[in-house]
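Below, read A as the first sequence line, B as the second, and so on, with proteins coming before strands; counting in each chain starts at 1. All values derive from a computational prediction rather than experimental measurement.
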Amino acid sequence: MPAARLPLSQRPALLNMTHVEKAFGGSVVALKDMSLTVNEGDFVSLLGPSGCGKSTVLRLISGLLHTTSGTISWAGGQGTDDLGVVFQEPTLMPWATAAQNVWLPFRLRGQSFASAEAEIADALRLVGLDHFHDAYPRALSGGMKMRVAIARAMVTKPRLILMDEPFAALDEITRFKLNDDLLELKEKIGCTVIFVTHSVFESVFLSDRIMVMAARPGRVIHELTVPAPYPRDDVFRTSAEYAAHCRAASDALHDAMGEAA
Amino acid sequence: MSLADQAPVTLPTVDIEEQQRARREKINRIAKWTLPSLVLVLSVLGWHLYVTLAEVPHYILPGPVLVAQKMAEDRALLWPAMLITARLTLLALAMAVVGGVVLAVAFTQSKWAEMSFFPYAVILQVTPVIAIAPLLQIYVESAFVAALLCAWIVAFFPILSNTTIGLKSADHNLSDLFTIYGATRWQRLRYLAAPSALPFFLGGLKIAGGLALIGAVVAEFVIGRAGTGLGLASTLLEASYRFNFGRLYAALILISLMGVVIFAVMSLISHLALRKWHESAIKRER
Ligand SMILES: Nc1ncnc2c1ncn2[C@@H]1O[C@H](COP(=O)(O)OP(=O)(O)OP(=O)(O)O)[C@@H](O)[C@H]1O
Ligand SMILES: [Mg+2]
């Protein structure tokens, strides 16, 4: 049984961030006493005001930054193919086609295109881009570019996918569509996601756990759970349950912003 | 009034606009070639009229007819001369590409290499080549090598500086992604830095092509026929000593023709290499 189908409390642990502090240049304390546990199958949103250290958390987990103190540990140790990442910009290589962009994680492991072709085709189909294998990024819309980036992040079936405000630059219609598709994708491949967002609605719709962060220094001040079952669709988006969770998340966020002031 | 009533009225306007745009584009396309050609014809005509009407002696300004005559008469001399100059130019350009790219890669791989050597590359570039050329002639035994070095010095800097900037211009997020996936130095260079640098390199190549020709002409002027044999620039110089102005102009025209051809070829290479993905090579549909 995939971990995502288990109740939250029974999922096996995947990643543990304990009492992490991160200071830049000795003076800017971006994170202080930040703790976060992610379990297999979780969809965790980090919700918080600008500058509260959400991106810093992701950069620490991905190893681009090192903690000043505290530890980040992976259940069973960490390998280089444990992670997939999606940034706010699609960050595609403009000189490569969609398929070649999705090939990148394999290519950097020394795998030829031919040997990864089946996975690449699968990933592109899952994000709805079957017919765009040979399209260059300039010929794709913003939403389609983001789909390629998502395909690239999940093509190696990583244990954890990090997404840093992936849909923030998109229009609302495209964002709703991508939210739906992302959940469908998660159902299909059963991945674990840490998702950074500014949007209360997006976090409630997507995640089963929401960590609300406050700034200066960045830390988690509220944790909410959204126990609604997946798959979620437009019915959920208009339900009273959804509205109640949005209200709760919004209150928590206001609380976080009050803390900072 | 409903939308259905309006539709037939508005559609033809769009068609007319479309037609007008197509016509404008066609006119532009034709004008791009005809206008410069017209200017050429008119100026040659003006040149001819001036020379004949004002009875300018041919040792001051030969008319276009005389120049054309000379070009045909002297072709046994001019054609091999052009090959010699072309060989020097292309050889210098090829060496500039190799030297510039290798140095640029070395600079981006090692900060220390860049710190140590970049200033000297700049010094080499800013010192006028015309002042270096006589020294090369003295210190370098083979006159051919001296001529080649002279042309190389001028051509290599734009390749070096452009490629260096290009190799460093890779997108930061992509670079982070490579780090996350544990890319090796070589993979990073091959799959990220090199393609990012390509448009910059090609820009440098376009400039370097023209500069290599200038370097070759300077080398022929200073080092003379001892170096490479009788090239176009040496021919031009000798013709001027002999007051053979028809031949001088013929050589001059051939040199600038070479420059134009080099530029066109470099532009074509650049276009072919970038047309699939780079903004500069994309013709936008409007
Ligand atoms: N490289 C750095 N050097 C110095 N300070 C930094 C650096 N990166 C982040 N910071 C600081 O750390 C804090 C948290 O930054 P971070 O980018 O993680 O915020 P964020 O929550 O992602 O904000 P946003 O929602 O605007 O993306 C900010 O105050 C920022 O100024
Ligand atoms: Mg951020």
Would A/Leu104 and B/Phe178 count as a side-chain contact (heavy atoms from CB on, under 4.5 Å) if you check the C-alpha gap in whole Å, the side-chain angles of each, and the deciding distance to 0.1 Å?
CA-CA 9 Å; A/Leu104 183 72; B/Phe178 272 62; 3.6 Å; yes
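Judged purely by atom type and a 3.5 angstrom limit, A/Arg109 has no side-chain atom pairing as donor or acceptor with the backbone of B/Gly182.
Across A/Ser62, A/Pro105, A/Gly63, the residue that shares the most heavy-atom pairs under 4.5 angstrom with chain B is A/Pro105. Interface check for chain A: of the options B/Leu192, B/Leu177, B/Asn173, B/Thr184, the most heavy-atom pairs under 4.5 Å are formed by B/Asn173.
With values rounded to the nearest 0.5 angstrom, A/Tyr136 atom OH is found 9.5 Å from B/Arg275 atom CZ. Note that CG of A/Leu108 is 11.5 Å distant from CD1 of B/Ile180, once rounded to the nearest 0.5 Å. Atoms NZ and CH2, on B/Lys276 and A/Trp95 in that order, are 15.5 Å from each other to the nearest 0.5 Å.
Counting heavy atoms of neighbouring residues, nucleotides and ligands inside a 6.0 Å radius, atom CG of B/Leu268 exceeds 12 of them. Within 6.0 Å of atom CZ in B/Phe117, 12 or fewer heavy atoms from other residues, nucleotides or ligands are found, so the atom counts as exposed in its surroundings.
Between A/Glu89 and B/Asp171 there is no side-chain heavy-atom pair separated by less than 4.5 Å. In this structure the side chain of B/Trp277 never reaches within 4.5 angstrom of the side chain of A/Pro137, judged on heavy atoms.
Contact between A/Gly84 and B/Tyr181 at its shortest, heavy atoms only, is CA-OH, 4.2 Å.
With a 4.5 Å cut-off on non-hydrogen atoms, A/Arg59 touches chain B through its side chain but not through its backbone. Neither the backbone nor the side chain of A/Ala149 comes within less than 4.5 Å of any heavy atom of chain B.
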